[in-house]
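Have a look at the structure below before the remarks.
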Amino acid sequence: MEGLTKIYGAGVSAVQALRGVDLEIRSGELIVLLGPSGSGKSTILNILGGLDEPTAGHVWFEGQDLTALDGSALTEYRRQHVGFVFQFYNLVASLTARENVALITDIADDAMMPQEALAMVGLTDRLDHFPAQLSGGEQQRVAIARAIAKRPRVLFCDEPTGALDSQTGIMVLEAIQRINRELGTTTLIITHNAVIAGIADVVWQFADGMLAQSTRNPVRVAASELRW
Amino acid sequence: MTIAMRLGWLPVLDRKLLRELWRLRGPALAIALVIAAGVGMVMMSVGMMRSLEATRDAYYDRYRFADVFAPAKRVPVALLPELAHLPGVRTSEGRITMSALIDLPYVFDPINARLHSLPAKGRPHINDLVLRAGRWPDPARPDELLANEAFLKAAKLGLGDEITVILNGKRRAFRIVGAVLSPEYVYAIPPGQIFPDNARFGVLWLHEEVLAGAFDLRQAFNELLVRVDPGTNVVDVIRRIDDRLQPFGGIGGYARDQQISDRFVTNELNELRNMTRILPPVFLLVAAFLTHLVLSRLIDTEREVIGLLKAFGFRNRVIIGHYLKLAILLSLGGLILGATLGIWLGRGLARLYQQFFVFPFLQFHVDADLFLMALLAALFPVLTGCFIAIRRAAALTPAEAMSPPLPTNYGGRLTGALTQFRSLDQLTRIILRGLARRPVRTLLTAIGIGAALALYIASASSRDNVEEMIRITFNQAEREDLLVTFTEPRGRDALTALARLPGIRRVEPVRAVSVVLTHQGISRREAITATDTGADLSRLIDIDGTVIEPPKQGLVLSASLARQLRVGRGDAVEIEVTQGRRPRWQSHVVAVVESAIGSPAYMRLDELDRRMMEGPRISGAFLAIDTDARTAILKALRETPAIAGISEVEASRRALRNTIAETMGIITLFNTGFAGLIVFGVIYNHARVALAERARDLASLRVLGFRTTEVAYLLIGELMLLTLIALPLGIAMGIGLAHYIVSAFGGDLFTIPYALSIGTMARAVLVVMAAAGATAYLVSRRLGQLDLVAVLKTRD
């Protein structure tokens with residue numbers, strides 16, 4: 001990321017969400033992005049995920065400038081390289097766990113089998129259940145399986161534990177950590193919850209649209225050891 | 001900002017209402033269009049019908065159209081005072097009425113004419129004329145006459161032109177000084193026919209002494225016209241008149257409803273009323289149903305806001321009131337649009353029909369009851385539909401609405417079954433499960449689209465039906481080229497004489513006699529048509545195309561006449577001939593035939609000859625001719641004094657097309673237009689609501705890397721699937737509705753067969769597909785505007 005700036009609106013009502021952010025993410029790293037509401041962390045994720053365009057600056061992904069891509073090229077970027085995990089899971093209610101994952105594996109080039117992805121998040125026995133028949137944690141794990149089944153280069157998780165209790169949240173984080181370790185997927189987690197920072201290689205602290213602090217953890221804590 | 005400030009004086013909820021309305025302007029417009037189509041259709045049709053009927057009545061009244069017509073051979077003028085004093089007679093007038101041929105130097109086709117005398121002084125007291133152009137004939141100029149406007153236009157004749165009329169075999173030149181309309185000739189129908197043919201049939205009004213001189217009727221008349229006192233039994237008056245006229249060759253009086261022009265007008269108005277009585281309420285019903293469907297789904301998507309309002313402490317009553325207001329505002333647009341459009345189109349249509357019927361003026365007024373009826377009919381389903389949906393939403397506790405909603409459970413038997421089909425792609429699976437999860441709604445939506453399709457089919461079917469009627473009539477029933485009628489019944493040797501003309505391929509005899517048919521006190525004045533067995537040119541064809549041979553003995557009746565006389569097969573009917581020796585006899589009804597167009601009563605010529613006690617006599621002949629010889633044959637026929645009328649079947653076919661086909665054509669055009677509007681409204685509404693309901697799923701898929709086209713498939717695929725379900729439903733309903741409309745119309749002069757064509761159904765399907773295609777295009781354009789960022793943060 002070079003000089004990433006984002007301004008919403010214009011004139012007196014303009015809001016500067018990002019004020020020139022320069023950052024680099026190494027392949028395979030797990031990054032946790034902390035910060036209060038309005039600090040710009042979601043804006044970063046939206047731009048990196050190809051959902052939004054910066055007002056100024058560039059985003060380089062494996063030598064390609066994302067800011068130079070048009071809408072359909074961004075769709076292709078998301079389709080081939082990006083996995084998303086949402087706070088509210090966003091599963092398709094009318095598809096079973098297996099089918100929700102198949103939704104993505106059907107359109108990706110080098111995808112796993114749906115059951116393989118679901119096995120990675122520990123859901124082998126819930127393959128043919130509909131979202132309504134799964135708990136919140138199980139739904140989020142299906143969402144993670146859906147996100148990683150296509151073996152994405154990067155995985156973006158927006159408040160993945162935000163709607164879950166701590167015990168379930170830890171199970172979800174375990175799954176994310178395992179994917180990062182076993183598949184080498186570069187992972188970016190946005191959260192309000194500072195405890196989660198322990199599982200990261202790098203922790204970015206955002207405030208007022210700028211990077212306030214960047215810390216490299218000497219040791220990564222296993223998700224199972226987190227408590228909140 | 002500025003809008004918010006301007007709305008400052010309104011309560012907050014009402015401000016929300018107005019902004020909501022603005023946000024929903026797309027669906028609101030579609031809802032308004034559907035309601036407008038339903039309401040507009042009712043207003044248009046009923047307004048037009050009332051207007052045409054009021055116009056006809058006012059026309060008849062203002063120009064003193066006769067209540068009773070009593071033809072005779074020769075009645076002395078001296079009898080008039082006595083006739084005028086018969087009980088029930090308000091006014092009476094004698095006139096001379098005759099048939100003749102018109103000879104125009106540049107028109108070769110035979111032109112039949114009906115001649116009426118004008119009173120020596122002043123205008124007719126009964127059957128007054130509307131002078132459209134020119135002037136009344138000068139009493140001092142015996143060669144001046146008036147002609148009906150339609151004939152002058154069709155024959156391209158102008159005021160001041162000279163025409164030759166063959167009066168009782170003598171050629172005589174006249175000058176046209178005025179073009180007129182008459183309540184008696186709203187439709188000018190040649191004798192022996194049932195369709196107007198203005199180019200070949202003219203009505204002329206001449207000085208009394210000219211006709212009296214030509215037909216030896218000095219100090220006499222041969223037709224009595226009567227207007228009866230209000231509330232008088234017309235049948236009694238006719239009986240009294242018949243008694244008085246019988247010694248003078250009276251052949252039986254008849255009431256206005258038996259007069260051919262009035263019968264035709266009534267028939268046409270009935271046909272129109274039939275089309276406007278059945279279809280518009282169905283339109284309104286369908287529109288209401290669709291509005292109900294769309295509004296309740298729209299309110300379902302507002303569930304969250306309703307929960308929020310409750311959490312803020314708004315009372316249920318206030319919330320329900322708020323959404324009812326929204327619904328009323330949404331439908332009000334349609335109501336106003338529909339009413340305005342309907343009144344405007346109704347007036348336009350009435351004006352069109354005014355020209356078609358040639359009424360001299362038009363009475364158009366919109367009655368308040370009509371407006372009120374449409375208002376209630378449209379509002380009722382809107383309000384009930386919304387009320388149910390809002391109550392459902394308001395029944396939630398605020399907490400339920402504020403907490404993350406549980407995903408809909410798709411674990412049902414029907415939806416779960418799909419899990420086994422592994423080869424199905426996931427998007428199709430989403431579509432199928434979505435439809436299967438709510439089978440009632442799926443079915444209702446399909447029925448809605450189907451109903452719109454059915455309306456289109458039923459509206460368009462009338463054109464097929466008329467075409468079929470024309471086909472049956474002219475390809476199967478009337479296959480002759482010419483029909484000649486004699487001045488007097490003649491012996492069979494006339495046939496031989498005709499057959500001897502060069503170029504005649506076939507000659508078949510026909511005899512028509514005027515009769516009064518009576519059954520259990522009900523009498524009808526009709527003509528019996530009699531032919532030989534094995535006739536090939538003019539045949540009686542029933543509505544399914546079966547040839548009906550005249551029976552050896554007894555009578556065949558048309559279904560409409562049988563209905564009027566309340567007779568069925570096997571019943572005996574009293575027959576009284578009103579000409580010649582006036583024989584009477586009883587005859588059994590051997591068959592009742594539902595025929596498109598055809599004589600209402602039919603029997604065998606040899607039996608009629610026996611009954612008439614005049615020996616073998618015929619009144620005319622059907623001729624099949626070589627086309628090359630047409631000119632020579634017509635010339636020869638015209639020079640034969642015994643021939644009173646010549647009609648060409650091709651001209652009748654054209655005339656039929658120009659009258660019925662045109663009457664139906666106008667209204668059909670409007671009906672199909674409205675149906676098309678509903679088709680589009682339904683499909684568009686459905687797609688818009690589906691888009692609103694699925695917005696989150698669709699945006700999630702876009703974030704996950706699905707292309708716009710793939711996401712569009714979810715919506716469009718569902719739409720197409722629903723449309724596919726709707727097609728057979730709609731076709732079935734359309735066929736049913738088309739059948740019902742045909743069966744509901746019992747015409748007096750003709751019966752319309754049911755003949756919905758594959759072409760019409762295909763066209764209807766195409767209209768639906770086009771509407772679906774246009775909707776798909778409009779909706780996929782909106783998919784580009786989905787907010788992808790929002791779905792990351794929001795729950796449902």
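In this text the structure is predicted, and so the values were computed from the model without any measurement. Labels below follow one simple rule: chain letters A, B, ... track the order of the sequence lines, proteins then strands, and each chain is numbered from 1.
- One distance of note links NE2 of A:His192 with CD1 of A:Ile190; it measures 9.5 Å at 0.5 Å rounding.
- Under 3.5 Å, the side chains of A:Thr67 and A:Asp65 contain a donor-acceptor pair of N or O atoms.
- Identified by a heavy-atom distance below 4.5 Å to chain B, the contributing residues of residues 72-83 of chain A are A:Thr75, A:Glu76, A:Arg78, A:Arg79, in residue-number order.
- With hydrogens and angles ignored, the 3.5 Å screen pairs no side-chain donor or acceptor of A:Arg141 with any backbone N or O of A:Ala175.
- Using a 4.0 Å cut-off between charged side-chain N and carboxylate O, A:Arg98 and A:Asp128 make a salt bridge.
- Contact check on A:Arg146 versus A:Glu99 returns no salt bridge, with no Lys/Arg side-chain nitrogen under 4.0 Å from an Asp/Glu carboxylate oxygen.
- Salt-bridge check for A:Glu53 with A:Lys6: failed, with every basic side-chain N at 4.0 Å or more from each acidic carboxylate O.
- Of the atoms belonging to A:Leu91, it is backbone heavy atoms, and not side-chain ones, that fall under 4.5 Å from chain B.
- Of the N and O atoms on the side chains of B:Asp697 and B:Ser700, not one donor lies less than 3.5 Å from an acceptor on the other residue.
- Across A:Asn100, A:Asp52, A:Ile104, A:Ile107, the residue that shares the most heavy-atom pairs under 4.5 angstrom with chain B is A:Ile107.
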